[in-house]
Protein chains: 2
Amino acid sequence: MALAYALLSSLLVDGSQSGYDVVKCFDEQISCYWRATHQQVYKELREMEKKGWTCSETIAQTQRPNKTVYSITDLGRQELTAWVLQPSQPTAIREELMAKLKSGFLVPPTALIAELARRQQIHQAGLNALKAMEATDFPTVFTAGAKSLSYEARLYHLALRRGIRYESEWVEWCEEAIQAIGDYQQ
Amino acid sequence: MALAYALLSSLLVDGSQSGYDVVKCFDEQISCYWRATHQQVYKELREMEKKGWTCSETIAQTQRPNKTVYSITDLGRQELTAWVLQPSQPTAIREELMAKLKSGFLVPPTALIAELARRQQIHQAGLNALKAMEATDFPTVFTAGAKSLSYEARLYHLALRRGIRYESEWVEWCEEAIQAIGDYQQ
DNA sequence: ATTTAATATTAAAATATTTGCATATTATTT
DNA sequence: AAATAATATGCAAATATTTTAATATTAAAT
């Protein structure tokens, strides 16, 4: 259900888009707080149109295949507003790596260290991508501070900040874990 | 699928347990990296028994209803070991609050601040619980340092550390967000 | 005595997510 | 000319998770 609202918030803030555009937007930016596949996105956009939360227009293209561009409707905006006002619970965490660590004494420490190093790289890459996004989308933050942003931009910047914190924390924890396991090797 | 392995790792490390005990263990500790409902737990324990990964024994009790205690088998241990050796992907993040923030300009800033303060409390409570767990389960860490732990304990301590980092980061981010939104109020 | 709480477990429907497969158009490269 | 890549979209099965609804035993509280 929240997927629908994540889509609506993208249509509202990032503007009207085709399913393909939304998917790209999700892959690039939104995945730092909501991951979705293209199958989910296309389906949900169609279902929201049935409910009148989105409307669509087919755009003929010569350079590329035609596309269907979706926009948020007034009803969609109302629904989104109502949803934003609802309290939300923290996400259920399901982190395989932690279960693996708990029974990590079953395998050679080198295997754990290798996997942790791999994970650290993944999160470092994620962190770099988010920082690049911050530099691109919010350049004034670095010169004039976050207060220079419009209210709308500042809100989205906060979501990005959370992504940056999250990935940073992962990188640091991986480092801590690699060091710790190293203590037990001779 | 990972649920099965999260269960096996608990049976291995925390010892043989009834479904009820496992659920309690998940609610108290394991939920910091793997959340599961009791319905999931009981079902998966039964299914793993069919596959020979766990075995069970009915324990007659007089003070309480009878219970079925599950243990990990050699096969289960082998399967778990093989799984631990597999690389694992970072979890897909799905955080409603961030989508709400992105379209947060639709509602009064006070509503956002109230929700963020509520969330901050939830994460502060989670953090306190994890720190209490650390003090209870790993008391020597505070006196003799983490190096005093056995390898097995240290590995699990690392998972707990990740939980502590995660909740701390949330508390800090909530503070940052509350301050930021405050900047736009007069 | 009756209600409430804790222990202990199960079934099944409803949702959500993942995975595999498919199709079609246009631009670009080999 | 043919292959590849990017754009653009869809269906359906398989899994996983959440939600709703039960049932039964024992201890403790009202």
Side-chain angles (χ1 to χ4, degrees), chain A residues 1-8 16-28 30-31 33-51 54 56-70 83 86 88-96 99, chain B residues 1-8 16-28 30-31 33-51 54 56-70 83 86 88-96 99:
Chain A
M1 202 198 39
L3 169 61
Y5 297 103
L7 288 166
L8 286 179
S16 299
Q17 297 167 85
S18 68
Y20 190 83
D21 293 330
V22 173
V23 169
K24 266 206 299 189
C25 188
F26 265 63
D27 285 347
E28 285 162 17
I30 296 172
S31 68
Y33 65 83
W34 202 277
R35 189 183 301 177
T37 62
H38 75 269
Q39 291 92 336
Q40 281 179 291
V41 170
Y42 283 112
K43 192 178 178 203
E44 195 65 48
L45 286 171
R46 273 177 274 138
E47 281 173 14
M48 285 197 294
E49 188 169 22
K50 281 184 213 151
K51 289 192 280 191
T54 56
S56 71
E57 194 190 356
T58 303
I59 307 288
Q61 294 186 121
T62 53
Q63 311 279 307
R64 290 167 186 186
N66 296 345
K67 65 181 176 181
T68 304
V69 170
Y70 290 86
W83 180 74
Q86 296 295 121
S88 48
Q89 290 180 301
T91 311
I93 305 170
R94 294 202 180 81
E95 202 62 67
E96 283 195 8
Chain B
M1 202 198 40
L3 168 62
Y5 297 103
L7 288 167
L8 287 179
S16 299
Q17 296 166 86
S18 68
Y20 191 84
D21 293 330
V22 172
V23 169
K24 266 207 299 189
C25 187
F26 265 64
D27 285 347
E28 284 162 18
I30 296 173
S31 67
Y33 64 84
W34 202 276
R35 190 184 301 177
T37 61
H38 73 270
Q39 291 91 336
Q40 282 179 292
V41 169
Y42 283 111
K43 192 179 177 203
E44 195 65 47
L45 287 171
R46 274 178 274 140
E47 281 173 14
M48 286 197 294
E49 188 168 23
K50 281 185 211 151
K51 290 191 281 191
T54 55
S56 71
E57 194 190 355
T58 303
I59 307 288
Q61 294 186 122
T62 52
Q63 310 280 308
R64 290 168 185 184
N66 297 344
K67 66 180 176 181
T68 304
V69 169
Y70 290 86
W83 180 74
Q86 296 295 121
S88 49
Q89 289 180 303
T91 311
I93 305 169
R94 295 203 178 83
E95 201 63 67
E96 283 195 8

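No hydrogens, no waters, no symmetry mates; every other heavy atom, side chains included, goes into these values. In the text below, chain A, chain B and the rest are named by the order of the sequence lines, each starting its count at 1.
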TODO: Determine the sole option in A:Lys50, A:Met48, A:Lys43 for which the side chain to side chain contact (heavy atoms under 4.5 Å, CB included) test with A:Arg46 is passed.
DONE: A:Lys43

Task: Boundaries of the chain B footprint along DNA chain D (any atom under 4.0 Å from a heavy atom) - done: D:dA16 to D:dA27

Open item on the list: Check this one for me: any side-chain N or O of A:Gln40 less than 4.0 Å away from OP1 or OP2 of C:dT17?
Closed with: yes

Task: B:Arg94 side chain near C:dT18 phosphate (N/O to OP1/OP2, under 4.0 Å) - done: yes

Open item on the list: Considering every strand and a 4.0 Å limit on heavy-atom distances, what is the contact class for A:Arg35: base, sugar-phosphate, or nothing?
Closed with: nothing

Task: Whether A:Ser56 side chain and A:Tyr70 backbone form a donor-acceptor pair below 3.5 Å - done: no

TODO: For residues A:Val22 and A:Leu7, report the shortest heavy-atom separation together with the two atoms involved.
DONE: CG1-CD2, 3.4 Å

- [ ] Nearest whole angstrom, please: distance from the C1' of C:dT23 to the CG of A:Asn66.
- [x] 15 Å

Task: Shortest non-hydrogen separation from B:Val69 to B:Ser16 and the atoms involved - done: CG1-CB, 3.8 Å

Task: Residue met sooner reading DNA chain C from 5', once B:Thr68 and B:Gln89 are mapped to nucleotides - done: B:Thr68

TODO: Send over the distance from A:Glu44 CD to C:dT17 C1', rounded to a whole Å.
DONE: 12 Å

Task: Whichever of B:Tyr20 and B:Tyr70 has its nearest DNA chain C nucleotide further upstream toward 5' - done: B:Tyr20

Task: N/O donor-acceptor pair under 3.5 Å between B:Glu96 side chain and A:Ala2 backbone - done: no

TODO: Return the value, rounded to whole Å, for the distance between atom NZ of A:Lys43 and atom P of C:dT19.
DONE: 16 Å

Open item on the list: Need one value for B:Gln61: base, sugar-phosphate or nothing, where a base atom within 4.0 Å counts as base even if backbone is also close, heavy atoms only.
Closed with: sugar-phosphate

Task: Candidate list B:Glu95, B:Arg94, B:Arg35, test side-chain hydrogen bond (donor to acceptor under 3.5 Å, both in side chains), partner A:Thr91, passing option - done: B:Glu95

- [ ] Please determine if a side-chain N or O atom of B:Arg46 lies less than 4.0 Å away from the OP1 or OP2 oxygen of C:dA11.
- [x] yes

